[in-house]
Amino acid sequence: MARLIRTEKEVEGRYTEQWVVVEEDAAIDQWPAGPRETVGRPVPRVDGYERARGQALFTADVALPGMLHAAVLRSPYARARVRRLDLSRAREADWVLGAIGPDDCDALTLEPGFHGEPVAAVAVDSPGRAREALELIDVDWEELEPLLDPEEAVRRNELHEEPRRYERGDADAAFADADVVVEAEYRTQTVLHNPLETHQSVCRWEGDTLEVYISTQFIWGVRDDIAESLDLPPDRIRVICNFMGGGFGAKNGAHAQTFIAIALASQTGRPVRCALSRREENLATGNRNSTIQRLRAGARSDGTLVALEGEFVNAVGWKGWSGPTYGPMEMLYACENVRTLTYGAKLNLPPNAAFRAPGFVEGTFGLECLLDELAGRLELDPLELRARNHADRDLADDRPYSSKNLLECYRRAEPHWARRDAVRARSEGPWRRGVGLASQIWYGGGGPPSYAWVRIGSDGRATVITAMQDIGTGTRTAMAQIAAEELGLPLDRVRVSLGDSSRGPYASISAGSSTTPSMGPAVRAAAADAARQVIEIAAQRYHLEERLLTMQGGKVVSSDGGSWPLEEVTGLLEDAQILGKGARGPNPTGMRVLTFGIQVADVAVDVETGEVRVERIAAIHDVGRVINPLGAQSQVEGGIIQGVGHTLSEERLVDPASGIVLTQSLDAYKLPTIADVPEIVVELLDIPDEHLTNLGSKGLGEPPIVPTAAAIVNAIRDATGADVRSLPVSRDEMLRALREARERERAAAPA
Amino acid sequence: MEVLTPRSLGEALRIKAERPDAVPIQGGTDVMVELNFDRARPPALLNLNEVPELRGWSHENGMLRLGSGLTYTEAMALSERLRALAEASRTVGGPQIRNRGTIGGNLGTASPAGDALPPLLVYGAEVELAGPNGSRRLPLQEFLVGPKRNALAEDELIVAVYVRPLGSRQTFMKVGPRNAMVIAVVSLAMCVDEERNEIRVSFGSAGPVAGVVTAPLDEADDLPQRVAEAASPIDDVRGTARYRRHALQVLTSRALVRCLT
């Protein structure tokens, strides 16, 4: 029966209350823990061959008949006013088929607030000629003084929202009573998403329907964005994304390129592609903004945290949102007295966008480094300090956790942590070695609404149909596994059809580590609905009791001995089909659904050149039931590699006077290469969350990147005694921290 | 854009004399970047890949002749004879770039960050240039006249580099912001020339051109300091001037350990 409920939905730490209609899925019990026939076993990607052969069609591969290519005129200044924009030369050129300005498209502006903001666009029949056509646009720029310094923005009250203030308990009193207080200022840099596929859309009018092929993390969000902006009925918009080359949080909406392509398609009557170059991608599609974190921790001499305080400045950029940099401080430890103050500075810099655990990556770096500085002052083992401050209950919302196995993660970290004496002993010459760790907390529960259908034909094969997207994480494979498990079918008899809003029901966003926990339960429910129908049919055909029948190994099996191949049962139906439908149930009421973990890093530091090498990272995470251990391991490896880049080499640099972005190419912006990748040891607890859905699975996209930077920097401290407080750990920063440590040592030495 | 493909050195020189605006291209690892980033739109490319005289290496009168079309992958195989050049070649780009990129390209581009330049400079290399009126030889140090500027006349081509084999006491080192596929923050080559009883050091990415410092063998102790002082680095997206000077000093000390012990 359809049930109307009020439920809480969380995406990347932002909670909303909403009404949802859900089908009763409480009747489906979770599977027992541990590997099943298909679920919980390592499975190569079901679309691996298609990808390897180049047959998978990405948005970059979409070439429609008569398609034009857009090129975008972007502001060369961080802040400017366009005194005059004249498109007439472009419009008069017979080879330029479309030219638009802010009058034609809301995504364009005459008052750009960051280097790279779109001002005008053209459409021509080849991408190269489209870029040439930009020279036919006449613009008078008036360059204006940009605001680039986040601290100055705070002083001038140039903020995206009112400062966020949070307090529980009495921090002042607790600091006054603390045996030890440590404080430090930490800084994190701006980093860029750099998905392999850049932001791109192809838009075409087909009758009264707008077709949008787009590289996106949220087909339905794109549909809503366009419907709202253009005042179109949503069902006249069809959004398609079959294969997608990554997004990391930067592709959650329609974005400027889609609106530019739509406006040019409307003007020219032709399909239009708007695809960003790598340089445009690194200018204008979002970033993890830089932060300044002034942190203080007070503890008793036994290590009990009595007070935490943080002032956070998020350098948000011209647009975007002030992320939860405060989150780890408020949520990670059982500390009664916590006070935070967070500013979201509005600057003439490219806008931020959600980026793989936004806020928490930055906040965990500050908090977990401060905790190691505290451990040093107290002469306590850092792992022991964390275990002593373990939170049994969520103090930020005063709720129980739906499940939490962080202490088990800590226990599993012990052998990795115990290696540190041996690692340090391998120091030689200028190379100093050490081990560090950091704890992880993040969301990842997903939520309703999300729907799936399962269709079984007379050939005994099943197709999962849902209008979700696989953003490259292996979602197709995980969904096929879940359906195969429930239907008792071998994996090769299950297909997954996704990626098209007009060919399937509403599905969740693929962001906030929510795809598997949102979609998996809906797929299982749909498969269970189909299985129920198969069993009802078999019971009638073979005169058996339904309760004796199950689906296993491609057969309908009776507990009293008989079995019938599925295709024999469904073969009765000829052209008829069995159609199952399923919905994601609500999240557990009054509980906090979170993910946990810990990483232990081994590093080597060349104390003369400042070079840092990460040699090994052990990652232990608690994310509920693991559907595909092979895919999960890839996710952890990817998160850690991205985390190593953020820690050591990646930084978007801006000219401090003009606000011009200097690191637009992948030559200037240093992503890690395979030669920078450490040995990665992945351990997932694989304990289902008994309160969460019919699967007990949480998301894993983001947790692996959360503690990496802090674990590496704590290992650097272990190796060298130097307190690195600013990311990336460039060689300059490493040498600065080493000098500071030497001076501190000299000052402390008896004269 | 026209692409002109001569089949011999003579033909290449004739074309170059007629079309001095044609940009020579070999591996394309520099030229194509310029084209792709729209920093240059030459009217013609002179494709030197089919000119046999520019390929490979040979012995000539006690010298080693390295064709300007010698790739980094080929140079890596010369580690017994030219260890520093082989070590430098190993740090260039990834395998695909090393298969395409040539030492002639490093000379033609004359970037202060060219990885092959410091080793060739410590070898005291001479560059052979050919033009319509024959060929001439120039010490590499005179050939490199400024940042991305060399002494090549517009009707000339770089044909080869000549180096004297100097034994095994030589090395190359490079600091980059990550472990592979990087343009150097600083690089350093060193070799011991026993005949002249001296040590030669050359450094890249720390001045407008790759610099050279020479010292008698018995004055090795001062070298780290002298190299750091000889550099004139700048701050850029890859590193600061202060760091570059510091790193040169450290690399020189380490190179001395490798070459003298």
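Throughout, protein chains are lettered first and strands after them, A, B, ... in sequence-line order, and every chain is numbered starting at 1.
- Within the 4.5 angstrom heavy-atom criterion, no atom of A/Ser730 approaches chain B.
- A heavy-atom distance below 4.5 Å is not found between the side chains of A/Arg131 and B/Asp38.
- The environment of CZ in A/Arg744 is crowded: more than 12 heavy-atom neighbours from other residues, nucleotides or ligands sit within 6.0 Å.
- Under a cut-off of 6.0 angstrom, the local environment of CZ in B/Arg41 is sparse, with at most 12 non-hydrogen atoms contributed by other residues, nucleotides or ligands.
- Rounded to the nearest 0.5 angstrom, B/Arg238 CZ and A/Thr663 OG1 are separated by 12.5 Å.
- Counting heavy atoms of neighbouring residues, nucleotides and ligands inside a 6.0 Å radius, atom CG of B/Leu217 exceeds 12 of them.
- Taken to the nearest 0.5 Å, the OG atom of A/Ser649 stands 9.0 Å off from the CG atom of B/Asn179.
- For B/Val250, the part lying under 4.5 angstrom from a heavy atom of chain A is the side chain only.
- For A/Glu611, the part lying near chain B is the side chain, with the backbone staying farther off; criterion is any non-hydrogen pair under 4.5 Å.
- The side-chain heavy atoms of A/Pro430 and B/Arg254, taken from C-beta on, include a pair separated by under 4.5 Å.
- Note that NE2 of B/His246 and CZ of A/Arg731 are 10.5 Å apart. Values are rounded to the nearest 0.5 Å.
- Atom CZ of B/Phe37 and atom CD of A/Gln664 lie 9.5 Å apart (nearest 0.5 Å).
- Interface remark: B/Ala180 contributes backbone and side-chain atoms alike to the contact with chain A (heavy atom separation under 4.5 Å).
- Looking at A/Ser665, only its side chain comes within 4.5 Å of chain B, counting heavy atoms on both sides.
- Rounding to the nearest 0.5 angstrom, the gap separating the NZ atom in A/Lys670 from the CE atom in B/Met181 is 9.0 Å.
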